2 protein chains.
Amino acid sequence: MAKAARPSTPRKPARATKPRTRLAPEQRSDQILRGAIQFFAERGFGGQTRDLAEQLGISQALLYRYFPTKEMLIERIYEELFVRRLKPEWDVILSTRTEPLLSRLTRFYLDYSTMLHDYEWGRIYLYSGLGGSKIAQRFADHVTQSIFTRVIAELRHEFRLPDLTKIPMTEPELELMWGLHGSIFYIGIRKSVYHLEPPHDVAGTVKRGVESFYANARAIMSGKVGRRSK
Amino acid sequence: MAKAARPSTPRKPARATKPRTRLAPEQRSDQILRGAIQFFAERGFGGQTRDLAEQLGISQALLYRYFPTKEMLIERIYEELFVRRLKPEWDVILSTRTEPLLSRLTRFYLDYSTMLHDYEWGRIYLYSGLGGSKIAQRFADHVTQSIFTRVIAELRHEFRLPDLTKIPMTEPELELMWGLHGSIFYIGIRKSVYHLEPPHDVAGTVKRGVESFYANARAIMSGKVGRRSK
DNA sequence: AATATTAATGATCACTTGATCAATAATGTC
DNA sequence: GACATTATTGATCAAGTGATCATTAATATT
């Protein structure tokens, strides 16, 4: 009944607490940031700092040595995912006309989709958007302005249609872009949000999507731009 | 400096508390359910019961008279959004062959998209999926099994290709369906998650999406089904 | 009008949760 | 090896959080 005290090793209580591992500040900071991305991607930003610390194998208090508040840690995550992962070369790929346009589009979307299909990126992008974060909306705006504009400009040139400076982007053109973007991003959503089986051949699916887009673009844009819509 | 007590009306402290409004149980229950959908759509399921009660203009305790736990209230919301809103007539629309297939597809997706584009429906669908709710995944499965299968069956018939019982749905066919679904749902996501301007002409956008889908379907399916893929 | 019924509430409990801080123990410096 | 530096931790605080319950007040019944 009564719990008997263990008689052996009377002093020094057998070191139940594991020895502290002491890291260089930058390493620890990186470890926390990477762990936090994984953690909040899974649990949402309502996830508790104690659970995050436990997952990292550190004390909860230590988080606050490297990030003053949970809020700031989340901001740092946004920076990491939505600013640092933008590649300037994307615009170069899309606009280098020595390569056929369909090939450029395919190359770009295959690369771009690796970001859109990243489990943690996708979930945090949705959580941040649902939570009303400015940076998520800013990212969406950026995508619209830079990528969409570039692709439509190239399509107009390809199809010998008036420049965007002459005729601004039309709604059907914009929606054509959103359609491609949405269908590709949704491949990631299926996996990262609803845990459905992704296509066996993701690259092939993206490729087909771009090809369909390209074919539709010719049909729709020739009918709508540079000609009076009926 | 010192707050003087108002001398008039010495008894009965001026009724600062508004008179209770007493509703029939079913009415109150409905009011809470509808308010909760709106509330959790905005704040996510981390939203607090006190804030929900305040938004409803009732006491927090009253929530627990009608719903035993917050969890049960959320389950009731799922029931309302993901079970009750499924329309059996969708399958009828898709499979009634007296109407041309493209027309059926357009009619169906125009109706279906009013659900997908509903602000609260979309946000709660995403929140529930991110949160790992079974019912969201079950809904996604249902969509796949019932709608996708029906549409592909009709397309196979239209293009005089082998029956689904002869050759099961191929990955390109499945992805074709997901592509349309994703691009249409994403119109809603843009609005309800990222607060971007929706297209001026949503119906027209959906219609164009279906038309493109139909054209691609012919091209892709004729190349892949009933013929050996290269 | 008196009484019974029950919808609605304020107060409260037990537990969670972001944040703080003095004490502790690795590591570097001489 | 002694000492200084600082990364790390356990303990703790204050505010918040879902849930409970005795009390209150609308409405129905007679």
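A, B, ... follow the sequence lines: proteins, then strands. Residue 1 opens every chain. None of the values given here were measured: they were computed from a predicted structure.
A straight line from CZ of A:Arg20 to C1' of D:dT9 spans 5 Å, rounded to a whole angstrom. The separation between A:Glu54 atom CD and D:dT9 atom C1' is 15 Å, rounded to whole Å. Going from atom CE of B:Met72 over to atom P of D:dT20 covers 12 Å, rounded to whole Å.
Closest approach to the B:Arg22 side chain among C:dT6, D:dT9, D:dT8 is made by C:dT6 (side chain taken as heavy atoms from C-beta onward). The listed nucleotides are D:dA7, C:dT20, C:dA8; the one nearest the side chain of B:Leu62 is C:dA8.
For residues 24-38 of chain B, there are no salt bridge (charged side-chain N to carboxylate O under 4.0 Å, His left out) pairs, not counting sequence neighbours. For residues 179-199 of chain B, the salt bridge (charged side-chain N to carboxylate O under 4.0 Å, His left out) pairs, not counting sequence neighbours, are A:Glu175-B:Arg190. Applying the salt bridge (charged side-chain N to carboxylate O under 4.0 Å, His left out) test to every pair with at least one member in residues 118-142 of chain B, sequence neighbours left out, gives these pairs: B:Arg85-B:Asp118.
Residues from residues 23-43 of chain B lying near DNA chain C, meaning a heavy-atom separation below 4.0 Å, are B:Leu23, B:Pro25, B:Arg28 in numerical order.
In this model, no side-chain donor or acceptor of A:Arg65 finds a partner on the base of D:dT8 within 3.5 Å.
Partners of B:Phe108 under the ring-ring contact (aromatic ring centres under 6.0 Å, His included) rule, at least two apart in sequence or in another chain, are B:Trp90, B:Tyr112. In this view, B:Arg22 satisfies the salt bridge (Lys or Arg N to Asp or Glu O under 4.0 Å) rule with no residue, not counting sequence neighbours. A search for side chain to side chain contact (heavy atoms under 4.5 Å, CB included) contacts involving B:Ser29 returns B:Tyr66, B:Phe67, not counting sequence neighbours. For the ring-ring contact (aromatic ring centres under 6.0 Å, His included) test, residues two or more places apart in sequence or in another chain that qualify with A:Phe45 are A:Phe40, A:Tyr78.
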Determine all donor-acceptor pairs shorter than 3.5 Å in which one atom belongs to a side chain in residues 50-64 of chain B; sequence neighbours excluded.
residue : atom : partner : partner atom : Å
B:Asp51 : OD2  : B:Arg43 : NH2          : 2.7
B:Ser59 : OG   : B:Leu62 : N            : 3.4
B:Gln60 : NE2  : B:Thr49 : OG1          : 3.0

Donor-acceptor pairs are to be reported for all side-chain atoms of residues 178-185 of chain B against protein atoms at under 3.5 Å, with residues two or more places apart or in another chain.
residue  : atom : partner  : partner atom : Å
B:Ser183 : OG   : B:Gly179 : O            : 3.2
B:Ser183 : OG   : B:Leu180 : O            : 3.0

Verdict with supporting geometry, B:Tyr186 and B:Tyr194, ring-ring contact (aromatic ring centres under 6.0 Å, His included):
CA-CA 11 Å; B:Tyr186 205 75; B:Tyr194 298 107; 7.3 Å; no
With 3.5 Å as the limit, what N/O pairs link the protein to nucleotides 15-19 of chain C?
residue : atom : partner : partner atom : Å
C:dT17  : OP1  : A:Gln48 : NE2          : 2.1
C:dT17  : OP2  : A:Gln48 : OE1          : 2.0
C:dT17  : OP2  : A:Gln48 : NE2          : 2.0
C:dT17  : O5'  : A:Gln48 : OE1          : 3.3
C:dT17  : O5'  : A:Gln48 : NE2          : 3.1
C:dG18  : OP1  : A:Lys70 : NZ           : 3.0
C:dG18  : OP2  : A:Thr49 : N            : 2.9
C:dG18  : OP2  : A:Thr49 : OG1          : 2.9
C:dG18  : N7   : A:Arg50 : NH1          : 2.8
C:dG18  : O6   : A:Arg50 : NH2          : 2.8
C:dA19  : OP2  : A:Tyr64 : OH           : 2.9
C:dA19  : OP2  : A:Lys70 : N            : 2.8
C:dA19  : N7   : A:Gln60 : NE2          : 3.1
C:dA19  : N6   : A:Arg50 : NH2          : 3.2
C:dA19  : N6   : A:Gln60 : OE1          : 2.8

Output one line per pair: protein atom, nucleotide atom from nucleotides 28-30 of chain C, and distance, for all N/O pairs under 3.5 Å.
none

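The two residues A:Ile37 and A:Glu80 have their closest heavy-atom pair at CD1-CG, 4.1 Å.
The side chain of A:Tyr66 contributes no N or O atom lying less than 4.0 Å from OP1 or OP2 of D:dA7.
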